[in-house]
A.B. asks: 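Okay, here's the structure, questions in a sec.
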Amino acid sequence: MKWYDLNARELPWRSTKNPYHIWICEIVLQQTRVEQGKNHYLNFIERFPEVKSLAYAHTDEVLLYWKGLGYYSRAINLHTAAQQIMTDFNGIFPNHFEEILKLKGVGKYTAAAVASICFDEKIPAIDGNFYRVLSRIFADDFDISSSKAYQYFYNLALLIMPDERPGDFNQAIMDIGSEVCKPKNPNCEVCPVRDNCLAFGIGNVQDFPLKSKKVKAQDLKLHYYHIRYREEFLIKQRDDSFIWKKLYDFPEKIPSHFEKWITHEKTIHHKLTHKNLEIVISEVVLDNKKEFQKFSEENHFIITNYEESHLKSFPKPLENFLKKEFEES
DNA sequence: AACCCGGGGAG
DNA sequence: CTCCCAGGGTT
């Protein structure tokens, strides 16, 4: 705690105990580096300053403010949870761990973070940093990819968690994990708990934490049709399954008599954490406005143009594709 | 308990 | 290339 008082990172959400702000911050930062999420957080709370404005917003706009962050179910769940607070909690942000946990998209970690930071509940917020710092301090080779890891390290954390300032304690562990006890090349020389760290004593800090599960990316091919009439083209909204939940993309099928209007194809290779994508985009240029509108109406596609498409959230590779198309023309 | 879900930066 | 990030939901 002494180290934290002197070395805490200066971050936008460190100066508030507003549970709405802390909640948004915690969701943004799930599996996301602080530097990557900081601006999204600031933009988000500026546009949606309290629960009500988020609850009453259109899903498309919530997704727009989430554009590029990934794990889009977080945005969908955030929107749902805001409405949940309006209906189930009378618009007042819940102030106990068990109630916060009921919010869609809020798991044990996030509920613990909000409860400890905003409401001073003594509950460890076990995130990736906590796993790493604890497993090194105790030289503990408990597999953090095990489904029992959370409960195991939760109990371990209680052994060293003070009664005072639980929120600051949780954030102190995060800062040590992020700035000192890093996954690679930890900076043990300046670590405030070095003398109490068993792994450091043994000299094998790099061996912790133990993580057995390794996920391999799978290959996936997608075929899109960029169907154009003059400056306009067709888009659709994805469903909430599979990848890129609720984001917008292009039609994936065309009637066979459209094939003669294919002018060229472009292949994009895009790497995701769990997938290696090969995306083929066929350019279909129609000279017949009636065909264009008929096809659009029959399949419930949306007619848009480059400027208008900025009001929708597209997957990263498709956004890059549109940008290049526009710059070339 | 296993599996799925993005995008980005570091090494 | 691999690993990991202020995890959670679904099956």
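Residue numbers begin at 1 in each chain, while the letters A, B, ... track the order of the sequences.
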A.B. asks: Could you pull out the protein-nucleic contacts involving nucleotides 2-4 of chain C (nitrogen or oxygen on both sides, under 3.5 Å)?
C.D. replies:
from, atom 1, to, atom 2, distance (Å)
C:dC4, O2, A:Arg33, NH2, 2.9

A.B. asks: Identify whether any heavy atom of A:Phe130 sits under 4.0 Å from a base atom; if not, whether one sits that close to sugar-phosphate; answer base, sugar-phosphate or nothing.
C.D. replies: nothing
A.B. asks: Using a heavy-atom cut-off of 4.0 Å across all strands, would you classify A:Ile76 as base, sugar-phosphate, or nothing?
C.D. replies: nothing
A.B. asks: Of all of residues 106-121 of chain A, which get a heavy atom below 4.0 angstrom from DNA chain C, listed by number?
C.D. replies: A:Val106, A:Gly107, A:Lys108, A:Tyr109, A:Thr110
A.B. asks: What interatomic distance, in whole Å, is found between P of C:dG8 and the corresponding atom of B:dG9?
C.D. replies: 24 Å
A.B. asks: So, does A:Gln31 get its side chain near the phosphate of C:dC5, meaning an N or O under 4.0 Å from OP1 or OP2?
C.D. replies: no
A.B. asks: Expressed as a whole number of angstroms, how long is the span from A:Leu103:CG to C:dG7:C1'?
C.D. replies: 15 Å
A.B. asks: Do we get A:Lys108 above A:Tyr150's six-membered ring, with its NZ or CZ under 6.0 Å from the centre and within 45° of the axis?
C.D. replies: yes
A.B. asks: Taking only residues two or more places apart in sequence or in another chain, which ones pass side chain to side chain donor-acceptor pair (under 3.5 Å) with A:Asn90?
C.D. replies: none
A.B. asks: Give the rounded distance in Å between these two atoms: CD of A:Gln30 and C1' of C:dG7.
C.D. replies: 5 Å
A.B. asks: Find out whether A:Asn320 and A:Lys324 are in side-chain contact, i.e. whether some heavy atom of one side chain is under 4.5 Å from a heavy atom of the other.
C.D. replies: no
A.B. asks: Do the side-chain N or O atoms of A:Lys316 get closer than 4.0 angstrom to the phosphate oxygens (OP1, OP2) of B:dG8?
C.D. replies: yes
A.B. asks: Which listed nucleotide (B:dA1, B:dC5, C:dG7) is nearest to the side chain of A:Ile243?
C.D. replies: B:dC5
A.B. asks: Heavy atoms under 4.0 Å, any strand shown: does A:Arg238 hit a base, just sugar-phosphate, or nothing?
C.D. replies: nothing
A.B. asks: Indicate, with a heavy-atom threshold strictly under 4.0 Å, whether A:Lys213 touches base, sugar-phosphate, or nothing.
C.D. replies: base
A.B. asks: Without decimals, in angstroms, what is the distance between A:Leu220 CG and B:dG6 P?
C.D. replies: 12 Å
A.B. asks: Once hydrogens and angles are ignored, does a donor-acceptor distance under 3.5 Å link the base of C:dG7 to the side chain of A:Thr32?
C.D. replies: no
A.B. asks: Going by number, which of residues 36-61 of chain A have a non-hydrogen atom under 4.0 Å from DNA chain C?
C.D. replies: none
A.B. asks: Classify the nucleic acid contact of A:Trp13 as base, sugar-phosphate or nothing, counting any heavy atom under 4.0 Å across all strands shown.
C.D. replies: base
A.B. asks: Between P on C:dG7 and CZ on A:Arg74, what's the gap in Å once rounded to a whole number?
C.D. replies: 9 Å
A.B. asks: Taking the side chain of A:Asn77 as its heavy atoms from C-beta onward, which of B:dG7, C:dG9, B:dG6 lies nearest to it?
C.D. replies: C:dG9
A.B. asks: Expressed in angstrom and rounded to an integer, what is the separation of A:Leu78 atom CG from C:dG8 atom P?
C.D. replies: 13 Å
A.B. asks: Rounded off to whole Å, could you give me the NE2-to-P distance for the A:His270 and B:dG6 pair?
C.D. replies: 10 Å
A.B. asks: Salt bridge or not between A:Glu291 and A:Lys294? Use side-chain N to carboxylate O under 4.0 Å.
C.D. replies: no
A.B. asks: Given the rule in the salt bridge (charged side-chain N to carboxylate O under 4.0 Å, His left out) test, do A:Glu99 and A:Lys102 qualify, once you have shown the distances and angles that lead to the verdict?
C.D. replies: CA-CA 5 Å; A:Glu99 307 300 316; A:Lys102 292 177 182 170; 3.3 Å; yes
A.B. asks: Looking at A:Val114, A:Leu78, A:Leu103, A:Leu69, which one forms a side chain to side chain contact (heavy atoms under 4.5 Å, CB included) with A:Ile27?
C.D. replies: A:Leu78
A.B. asks: What class does the angle between the rings of A:His226 and A:Phe250 fall in, given that below 30° is parallel, 30 to 60° is tilted and above 60° is perpendicular?
C.D. replies: tilted
A.B. asks: About how many Å separate CH2 of A:Trp66 and NE2 of A:His40, when rounded to the nearest 0.5 Å?
C.D. replies: 8.5 Å
A.B. asks: C:dG7, OP1 or OP2 - any side-chain N/O from A:Lys104 closer than 4.0 Å?
C.D. replies: no
A.B. asks: Roughly, in whole Å, what's the span from CG in A:Leu272 to P in B:dC3?
C.D. replies: 19 Å
A.B. asks: Look at all strands and tell whether A:Asn170 reaches a base, only sugar-phosphate, or nothing, counting heavy atoms closer than 4.0 Å.
C.D. replies: nothing
A.B. asks: Take the protein atom CG of A:Asp240 and the nucleotide atom P of C:dT11, then report the distance between them rounded to whole Å.
C.D. replies: 10 Å
A.B. asks: Which is more 5' along DNA chain B, the nucleotide nearest A:Pro317 or the one nearest A:Lys148? Just name the residue.
C.D. replies: A:Lys148
A.B. asks: Does A:Glu283 pair with A:Lys266 as a salt bridge, N-O distance under 4.0 Å?
C.D. replies: no
A.B. asks: Taking ring pair (Phe, Tyr, Trp, His ring centres under 6.0 Å) as the criterion, tell me which of A:Tyr225, A:Phe258, A:Tyr229 meets it with A:Phe295.
C.D. replies: A:Phe258
A.B. asks: Distance check: side-chain N/O of A:Tyr150 vs OP1/OP2 of C:dG8, anything under 4.0 Å?
C.D. replies: no
A.B. asks: Regarding A:Asp143 and A:Lys211, does a basic nitrogen lie under 4.0 Å from an acidic carboxylate oxygen?
C.D. replies: no
A.B. asks: Is the distance from the ring center of A:Tyr20 to that of A:Phe93 below 6.0 Å?
C.D. replies: no
A.B. asks: Not counting sequence neighbours, which residues clear salt bridge (Lys or Arg N to Asp or Glu O under 4.0 Å) with A:Arg194? List them please.
C.D. replies: none
A.B. asks: Students often get this wrong, so: under 4.0 angstrom with heavy atoms, is A:Ile27 touching a base, only sugar-phosphate, or nothing?
C.D. replies: nothing
A.B. asks: Does the side-chain ring of A:His274 lie flat on the base of B:dC4, meaning centres under 5.5 Å and planes less than 30 degrees apart?
C.D. replies: no
A.B. asks: Does a side-chain N or O from A:Trp244 land closer than 4.0 Å to OP1 or OP2 of B:dG7, or not?
C.D. replies: yes
A.B. asks: List, by chain and number, the other hydrophobic cluster members for A:Leu311, where Ile, Leu, Val, Met, Phe, Trp and Tyr join if side-chain heavy atoms come within less than 4.5 Å, directly or indirectly.
C.D. replies: none
